Enquirer: 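Can you keep this structure in mind? I'll have questions shortly.
Only heavy atoms go into these numbers, but all of them, side chains included; no hydrogens, no water, no symmetry mates. Just so it is clear, the model here is predicted, and its values are computed rather than measured.
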Amino acid sequence: LIKFKINFSLDDWGPASINITAPALFLATLEVDTPYDTFLDMRGWGRGAVFINGFNLGRYFSAGPTHTLYLPSPLLKTGTNRVSFLLVLV
């Protein structure tokens, strides 16, 4: 079970290493002016899961068959959105 803190700090986080040998969690922000339905292209990301503002958007696997994840506009909010990538396999 993955739990997200409501208020967390990224102060100690830095750029990702190219040589990832274990599962890793990547955090990012996405600035949105007007939310629209969109897709995340996950080709080249290996295997893992994506969370948008704490919502489990879905799993991905670069071998296919699905290379994109549908991101419906109600999951996005105007302003800053949190995007979390749980990378299990490169």
Enquirer: Go through the steps to decide whether L57 and L75 satisfy the test side-chain contact (heavy atoms from CB on, under 4.5 Å), and finish with yes or no.
Expert: CA-CA 9 Å; L57 188 61; L75 295 181; 3.9 Å; yes

Enquirer: For the CG atom of N81 and the CD1 atom of I52, what is their distance to the nearest 0.5 Å?
Expert: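 So the CG of N81 and the CD1 of I52 are separated by 7.5 Å.
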
Enquirer: Drop me the distance from T68's OG1 to R43's CZ, to the nearest 0.5 angstrom.
Expert: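 So the OG1 of T68 and the CZ of R43 are separated by 7.5 Å.
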
Enquirer: Tell me, please, which residues at least two apart from S73 pass side chain to side chain donor-acceptor pair (under 3.5 Å).
Expert: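 S73 satisfies side chain to side chain donor-acceptor pair (under 3.5 Å) with D37 once adjacent residues are dropped.
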
Enquirer: Count the heavy atoms belonging to other residues, nucleotides or ligands that lie under 6.0 Å from CG of D41, then report whether that count exceeds 12.
Expert: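 Enclosed: over 12 neighbouring heavy atoms sit under 6.0 Å from CG of D41.
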
Enquirer: For a quick test of reading the model, state the closest non-hydrogen atom pair linking N56 to G58 and the distance between them.
Expert: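 Residues N56 and G58, closest heavy atoms: OD1-N, 3.1 Å.
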
Enquirer: Atom CG of L69 and atom CG of L71: how far apart are they, to the nearest 0.5 Å?
Expert: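 Nearest 0.5 Å value for the CG-CG distance: 9.0 Å.
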
Enquirer: Going by the side chain to side chain contact (heavy atoms under 4.5 Å, CB included) test, name the single residue among V50, L25, L27 that passes it with F85.
Expert: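 Among V50, L25, L27, the one meeting side chain to side chain contact (heavy atoms under 4.5 Å, CB included) with F85 is V50.
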
Enquirer: Find the distance between CZ (R59) and CG (L86) and round it off to the nearest 0.5 Å.
Expert: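 It comes to 11.5 Å.
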
Enquirer: Specify the closest pair of heavy atoms between L76 and N53, including all atoms of both residues, with the distance to one decimal.
Expert: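 Result for this residue pair: CA-ND2, 4.4 Å.
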
Enquirer: Where do K77 and P35 come nearest, in terms of heavy atoms and distance?
Expert: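 Closest heavy-atom pair between K77 and P35: C-CG, 4.1 Å.
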
Enquirer: How far apart are the C-alpha atoms of T80 and E31, what are their side-chain angles, what is the distance that settles it, and do they pass the side-chain contact (heavy atoms from CB on, under 4.5 Å) test?
Expert: CA-CA 5 Å; T80 303; E31 295 296 326; 2.6 Å; yes

Enquirer: List in chain and number order the residues that pass side chain to side chain contact (heavy atoms under 4.5 Å, CB included) with T34, two or more places apart in sequence or in another chain; answer none if no residue qualifies.
Expert: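 Expected list: Y36.
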
Enquirer: Which pairs pass ring pair (Phe, Tyr, Trp, His ring centres under 6.0 Å) with one or both residues in residues 57-77, sequence neighbours excluded?
Expert: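 Passing the test, one end in residues 57-77: F39-Y70.
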
